[in-house]
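This report refers to the structure that appears directly beneath it.
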Amino acid sequence: MTFKRIILSLSLIASALFVFSCEGDGDGSGNGSSNKPKSRGAIGEILVVIDSTKWQGPAGEAVREVFQEDIKGIMRSERLFSVRRVDPRSITRMLKLANNIVYVTSFDDRSGGSQKINSQFNEESRQKVAEDPSMFMLRSKDEFAVGQEVLYLFGTTEADLIRNLRENKSKLQNLFQVRERERLGRTILKRKSGEIGRLGQDKFAIDLNIPASYQLVKDENNFIWARQPTPTADRPDISLFFYETDYKSEDQLFPENLVEFRNSITRNHIFGDPNNRESYLVTERREEPPLFNNFNIQGNYAVEMRGSWRTNTYSMGGSFLSYIVVDEEKGKLYYMEGFVYYPNEAHREALREIETILLATEFPREEAD
C-alpha cells in the first residue's frame, strides 16, 4: 500500500473507527476550529508524545532516526527538526497547542503512556490495522488548535511500528519539511521586493518572489545578487543569487560540471571582500562534498545541490543550497542559490528560508499559438 493510500484509507475509516477523547476538541466547545486557539511554536519544532519507556527503546530510536536525522551536506552537525518529547500522561493543554504533534504507540504495549494513546482506538480500528500492517498513520488537522498538524503513528506490534517508520522515513520527513516551508512562506513572502521582481522578469522572464527585506547588491548581465542588509548576532547573513545561460546538453548537469558551473559564477561575481578579487567564493569539496538530488520544479527537470562554501582566501565560509533548473522549451539553464554566513551558529533555519524563497520562483510557460 502506498503512502498516499495509507492516509486515504485511515481517513475513510477515521470517523467510524478512530474515537477521540472529549478533550480532543481543543477548546472543549465542539464548535469547530473557528473557536479554537491558534497553534504556537517555532518553525522546525515537533512535539513527540510517546511513553517514556518506549522512547528509550527501539521504537524511540526509530522515531529519532526519522525526525532527528543529521542534515546532510553541511559542515556542522545539525538535526532535521527540533524534537521535544513528552509522556502522554504528562501532556498539558498548553503543550497541546504545539504546531506539530506526533503521537507514537503500538497496540501490544501495556505501559501506562501507550495505553493512554491506545484508549482512543476502538477494537474495530485495531482489527483493521491488524489485517493490514501497512496502515500505520493518521493525520488530523486543527485537532487542538487552529493551524495545527497532529500525526498518529501506530502499529499492532512494536515491530510493525518500527518497520513502517523506517520504510517511510523520507516520506514522513518530507511531510513536515513541506509543511514548515509553507508555514514559513506565509510569513516571509507577505511583502515582496518589486525591484528584484522586475529584474527577474526583464533578465530571465521568470518571477522572482523575494521578501521585501532583501536588497539588491549587484545586477550584471545575466546575474542578480540580493542580500539581507543587516545581519546581526541573532540574524544570519543570507545571500541569494540568480544566473541564466544556454542549455546545450545533459553533460551540463553532471555533478562535477555543476560544481564548476557554480564556481565560474561566484569566481566572477561574488567576493568576500569587494576590494580583493582573490576573495571569490569556491565550493568546498574536501571536508563535506556537495550532495545532489534530482528535482522537479513546476514540470521542469532540476537538480538540487547542497554543500559548503568558503572564500578562496579562507577568510569566510558557510553553507549553500542551489537549484539548477532546465527549461527545454526556451533552451535555458537557470542557476539559483542561497548561501549563509553565520559563524559558529546553526544554519538549519537559514537554509529553510533559502529553500522557501527559491522554490517560490515561478517559471511561466510560453503559450502555444
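As the structure is a computational prediction, the values presented were derived from the model and not from experiment.
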Worksheet item: How about Trp309 and Phe339: are their ring centroids closer than 6.0 Å?
Response: yes

Worksheet item: Is a side-chain N or O of Thr311 found less than 3.5 angstrom from the main chain of Ser315, in a donor-acceptor match?
Response: yes

Worksheet, complete the sentence: Scanning both residues in full, the closest heavy-atom pair of Leu80 with Arg352 reads O-NH2, 3.8 Å

Practice prompt. Verify side chain to side chain donor-acceptor pair (under 3.5 Å) between Ser106 and Asp109, making sure each step is shown before the conclusion.
Written response: CA-CA 6 Å; Ser106 61; Asp109 191 342; 4.7 Å; no

Discussion item. Can you tell me if Asn296 has over 12 outside heavy atoms packed within less than 6.0 Å of its CG?
Written reply: yes

Worksheet item: Should we say atom CD of Glu131 is surrounded by more than 12 heavy atoms from elsewhere, each under 6.0 Å from it?
Response: yes

Item to complete: Could you tell me whether the side chain of Asn164 and the main chain of Pro133 form a donor-acceptor pair under 3.5 Å?
Response: yes

Worksheet item: Going hydrophobic residue to hydrophobic residue with side-chain gaps under 4.5 angstrom, can you get from Leu333 over to Phe223?
Response: yes

Discussion item. A side-chain contact here means heavy atoms from C-beta on lying under 4.5 Å apart; do Arg306 and Pro290 qualify?
Written reply: no

Worksheet, complete the sentence: Partner of Ser82 under side chain to side chain donor-acceptor pair (under 3.5 Å), picked from Glu45, Gln68, Arg348, is Arg348

Worksheet entry | Same apolar cluster: Leu258 and Val282, side chain cutoff 4.5 Å | no

Discussion item. Quick check: closest heavy atoms across Val86 and Leu95, and the distance to 0.1 Å?
Written reply: CG2-CD1, 4.0 Å

Worksheet item: Between Asp142 and Lys36, which heavy-atom pair has the shortest distance, and what is it?
Response: O-NZ, 2.6 Å

Discussion item. Show, in sequence, the C-alpha distance, side-chain angles and deciding distance for Glu180 and Asn100, and conclude whether the side chain to side chain donor-acceptor pair (under 3.5 Å) test is met.
Written reply: CA-CA 9 Å; Glu180 295 303 84; Asn100 302 308; 3.2 Å; yes

Worksheet item: What pairs of residues pass the ring-ring contact (aromatic ring centres under 6.0 Å, His included) test when at least one of them lies in residues 278-304, not counting sequence neighbours?
Response: Phe295-Tyr323

Fill in: Backbone of Gly113 reached by a side-chain donor or acceptor of Asp87 within 3.5 Å
no

Worksheet item: Looking at Glu362 and Ile206, what are the two nearest heavy atoms and their distance?
Response: O-CB, 3.4 Å

Practice prompt. May I ask you to decide whether Lys332 forms a salt bridge with Glu329, counting only side-chain N to carboxylate O separations under 4.0 Å?
Written response: no

Discussion item. For Phe121 together with Phe154, are the ring centres under 6.0 Å from each other?
Written reply: yes

Discussion item. Would you say NZ of Lys218 has more than 12 non-hydrogen atoms from neighbouring residues, nucleotides or ligands within 6.0 angstrom?
Written reply: yes

Show me, pair by pair, the donor-acceptor contacts under 3.5 angstrom made by side chains of residues 60-67, not counting sequence neighbours?
from: Arg64; atom 1: NH1; to: Trp55; atom 2: O; distance (Å): 2.8
from: Glu65; atom 1: OE1; to: Arg166; atom 2: NE; distance (Å): 3.0
from: Glu65; atom 1: OE2; to: Arg166; atom 2: NH2; distance (Å): 3.3

Practice prompt. Compare all side-chain heavy atoms of Leu172 with those of Met137 and state whether any distance is below 4.5 angstrom.
Written response: yes

Fill in: Where Met336 and Val325 come nearest, the two heavy atoms and their spacing
CE-CG2, 4.0 Å

Discussion item. Taking Val83 as the starting point, is it possible to reach Val178 by hopping between hydrophobic residues whose side chains are less than 4.5 Å apart?
Written reply: no

Worksheet item: Is a side-chain donor or acceptor of Gln215 paired with a backbone partner of Arg227 at a separation under 3.5 angstrom?
Response: no

Worksheet item: Below 4.5 Å, heavy atoms only, C-beta onward: do Ser319 and Leu351 meet side chain to side chain?
Response: yes

Item to complete: Hydrophobic side-chain clustering at under 4.5 Å (ILVMFWY, transitive links): who's grouped with Ile162? Put none if nobody.
Response: none

Fill in: Ring centre gap for Phe261 and Tyr335 strictly below 6.0 Å
yes

Worksheet item: Is any side-chain heavy atom of Arg310 closer than 4.5 Å to a side-chain heavy atom of Met316?
Response: no

Worksheet item: Among Lys116, Arg85, Arg89, Arg110, which residue meets the salt bridge (Lys or Arg N to Asp or Glu O under 4.0 Å) test with Asp51?
Response: Arg89

Practice prompt. For residues Leu97 and Ser39, determine if any side-chain heavy atom of one lies less than 4.5 Å from a side-chain heavy atom of the other.
Written response: no

Item to complete: Examine Arg126 relative to Phe107 and say whether NZ or CZ is less than 6.0 Å from the centre of the six-membered ring and inside a 45° cone about the ring axis.
Response: yes

Response to the item:
Closest heavy-atom pair, Asp207 versus Pro364, reported as atoms and distance to 0.1 Å, is OD2-CG, 3.9 Å

Worksheet item: Is any side-chain heavy atom of Glu355 less than 4.5 Å from a side-chain heavy atom of Arg181?
Response: yes

Item to complete: Quick one: sort the Tyr342 and His347 rings into parallel, tilted or perpendicular, breaks at 30° and 60°.
Response: parallel

Item to complete: Check whether NZ of the Lys or CZ of the Arg Lys96 lies under 6.0 Å from the centre of the six-membered ring of Phe144 and within 45 degrees of that ring's axis.
Response: yes

Worksheet entry | Side-chain heavy atoms of Thr156 within contact of Asp108, under 4.5 Å | no

Discussion item. Between Val150 and Tyr103, is there a side-chain heavy-atom distance shorter than 4.5 Å?
Written reply: yes

Worksheet entry | Connected via hydrophobic side-chain network under 4.5 Å: Ile196 and Ile188 | yes

Worksheet item: Charged N to carboxylate O below 4.0 Å: is that the case for Lys203 and Glu244?
Response: no

Worksheet item: Are Tyr214 and Leu359 joined in one hydrophobic group, where the rule is that I, L, V, M, F, W and Y side chains link up if heavy atoms are under 4.5 Å apart?
Response: yes

